[in-house]
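This report concerns only the one structure given below.
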Protein chains: 2
Amino acid sequence: MTMTQQQQHEHADVERLSIGQVAERTGLSVHTLRFYEAEGLMVDPVERLAGGRRSYRADDVEWLTICTNLRSSGMPLPEIRRYAELVREGAGNEEDRLDLLRRHREEVLDRIAKLHGWLEVISHKVAVYEERLDHGATGRLWVQECALLDRAIEPAD
Amino acid sequence: MTMTQQQQHEHADVERLSIGQVAERTGLSVHTLRFYEAEGLMVDPVERLAGGRRSYRADDVEWLTICTNLRSSGMPLPEIRRYAELVREGAGNEEDRLDLLRRHREEVLDRIAKLHGWLEVISHKVAVYEERLDHGATGRLWVQECALLDRAIEPAD
DNA sequence: CTAGAAGCTAGAGTCGACTCAAGGTCAAAT
DNA sequence: ATTTGACCTTGAGTCGACTCTAGCTTCTAG
């Protein structure tokens with residue numbers, strides 16, 4: 001009975017994944033996975049097989065899913081690293097983690113609000129164009145647009 | 001009667017602004033103003049005074065305001081350049097401009113939708129933390145979080 | 001007339017977040 | 001035995017959008 005290296009490590013088959021498999025499952029590239037690890041984004045450095053290859057546990061993949069969630073919603077890597085550090089430290093700092101998450105949520109809300117503002121400006125511009133095109137009055141159009149746009153609601157950047 | 005160079009250019013005082021003044025009014029740095037011009041973002045290259053200094057007209061400033069609106073709402077420079085080109089070409093391509101604006105509006109709507117999705121995920125996570133902290137059950141919390149998060153709505157990236 | 005502020009250009013540097021290249025190792029299959 | 005393909009590390013390159021530097025010119029105020 002020759003077990004593959006995948007299996008002979010630790011007690012049988014605790015579902016270890018290679019970097020390639022994790023890449024598939026998370027949608028991150030293998031480059032990015034190595035990069036994230038080097039950046040200290042993992043809660044613990046990924047375990048290795050005999051040959052030095054990374055062997056991801058289910059936990060790692062779940063954590064990476066959290067990371068991509070946070071990244072996609074605009075959290076910068078240093079803040080994710082901070083979060084990872086808190087988790088690494090273990091129980092006792094849940095308030096801090098909650099804080100971090102709440103602050104991030106505020107940021108997302110903020111960005112949504114700003115985008116809504118810009119959306120209005122743009123929609124207004126689109127509306128102006130549509131109206132003018134319907135009326136066939138196209139000459140020197142853009143100068144008028146400018147004036148209109150300036151008068152439009154301008155969300156604070 | 002010695003006029004300043006600012007005024008003697010063309011017929012008297014048609015409100016010409018220096019790059020510094022435009023920077024003040026638009027919130028862009030002088031560097032950025034020169035950079036935008038070099039990138040072809042202006043409808044026409046900015047006029048110059050005798051000494052080679054830029055002399056912005058009201059139009060230019062209005063256009064720059066449009067640019068900052070578009071930038072803030074996430075339009076990349078190449079697309080703004082494209083828009084500038086259309087305007088530069090003059091009347092006749094209003095449909096194209098409208099198209100571009102409409103597409104941009106869609107993108108903004110899209111980004112808002114995605115952010116709403118991420119917001120839900122994060123809010124859920126925050127809620128879980130809050131509940132757990134209330135109940136004082138903090139051990140091995142983050143692993144549970146992972147599971148919860150994975151089950152949460154995951155907007156397509 | 002001169003000092004200092006503000007402009008000018010060309011080109012280099014920065015930052016965040018990857019992304020890729022070179023050169024080597026390791027393991028399963030032919 | 002060797003080929004293939006996935007992995008490894010280190011370090012460099014890319015991209016977008018600025019941002020700054022160096023060295024020079026040009027106004028404007030005293």
Side-chain angles (χ1 to χ4, degrees), chain A residues 1-9 16-42 45-56 60 64 67-82 84 107 157, chain B residues 1-9 16-42 45-56 60 64 67-84 107 111 157:
Chain A
M1 170 187 173
T2 58
M3 294 172 106
T4 65
Q5 190 154 17
Q6 196 95 298
Q7 294 163 326
Q8 80 195 194
H9 194 71
R16 298 314 201 114
L17 297 180
S18 72
I19 195 168
Q21 294 171 314
V22 173
E24 255 177 53
R25 279 163 182 66
T26 59
L28 297 166
S29 73
V30 295
H31 300 298
T32 304
L33 288 171
R34 291 193 273 250
F35 170 68
Y36 277 8
E37 188 180 345
E39 288 290 284
L41 262 56
M42 301 305 286
V46 179
E47 287 173 23
R48 305 299 182 108
L49 300 171
R53 297 179 174 204
R54 289 171 180 81
S55 169
Y56 293 80
D60 293 324
L64 282 165
C67 289
T68 54
N69 284 338
L70 296 175
R71 271 299 297 132
S72 302
S73 56
M75 187 183 284
L77 297 192
E79 208 167 330
I80 299 181
R81 171 164 44 235
R82 177 73 193 124
E107 298 243 317
D157 190 28
Chain B
M1 170 187 171
T2 58
M3 293 172 106
T4 65
Q5 192 155 12
Q6 195 93 300
Q7 292 164 329
Q8 78 194 198
H9 193 71
R16 298 312 202 118
L17 297 179
S18 72
I19 196 168
Q21 293 171 315
V22 173
E24 256 177 52
R25 279 163 183 66
T26 60
L28 297 165
S29 73
V30 294
H31 299 298
T32 303
L33 288 171
R34 291 193 273 249
F35 170 68
Y36 276 9
E37 188 180 345
E39 289 290 284
L41 264 55
M42 300 306 286
V46 179
E47 287 173 25
R48 305 298 182 110
L49 301 171
R53 299 182 169 199
R54 289 171 180 81
S55 168
Y56 292 80
D60 294 324
L64 282 166
C67 289
T68 55
N69 284 339
L70 296 175
R71 271 300 297 133
S72 302
S73 56
M75 185 182 285
L77 297 192
E79 207 168 328
I80 299 180
R81 171 164 45 235
R82 176 74 193 126
Y83 190 48
E107 299 244 315
R111 290 199 302 122
D157 187 30

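As the structure is a computational prediction, the values presented were derived from the model and not from experiment. In what follows, chains carry the letters A, B, and so on, assigned in the order in which the sequence lines appear, proteins first and then strands, with residues in each chain numbered from 1.
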Requested in this report: Write down the atom of A:Arg48, the atom of A:Glu37, and the distance for their closest heavy-atom approach.
Outcome: NH2-OE2, 3.9 Å
Query - Residue A:Thr32, side-chain heavy atoms: nucleotide from D:dC18, C:dT19, D:dC8 that is nearest - result: C:dT19
Requested in this report: Would you tell me if any nitrogen or oxygen in the side chain of A:Arg54 comes within less than 4.0 Å of OP1 or OP2 on C:dC26?
Outcome: no
Requested in this report: Could you pick out which residue, B:Arg53 or B:Leu28, lies toward the 5' side of DNA chain D when each is mapped onto its nearest nucleotide?
Outcome: B:Leu28
Query - Pairwise distance CZ(A:Arg71) to CG(A:Leu77) - rounded to 0.5 angstrom - result: 5.0 Å
Requested in this report: Determine the minimum heavy-atom distance between A:Arg81 and A:Gly40, stating which atoms define it.
Outcome: CG-O, 3.7 Å
Query - Angle by which the axis turns from one end of the helix from C:dC1-D:dG30 to C:dT30-D:dA1 to the other, five pairs per end, to 10 degrees - result: 10°
Pairs under 3.5 Å (N/O, protein and nucleotides 13-17 of chain D):
from   : atom 1 : to      : atom 2 : distance (Å)
D:dA17 : OP2    : B:Leu77 : N      : 3.3

Requested in this report: Provide the closest heavy-atom pair for A:Ala23 versus A:Ser29 in the form atom of the first, atom of the second, distance.
Outcome: CB-C, 4.2 Å
Requested in this report: Work out which heavy atom in A:Tyr56 is nearest to a heavy atom in A:Val46; give both atom names and the distance.
Outcome: CE2-CG2, 3.5 Å
**Report entry** Comparing A:Ser29 and B:Gly52 on DNA chain C - which has the more 5′ nearest nucleotide
**Finding:** B:Gly52
Query raised in the report: How close do B:Met75 and B:Glu79 get, heavy atom to heavy atom, and via which atoms?
Result: CG-CB, 3.6 Å
**Report entry** Sugar-phosphate, base or nothing in reach of B:Arg34, heavy atoms under 4.0 Å
**Finding:** base
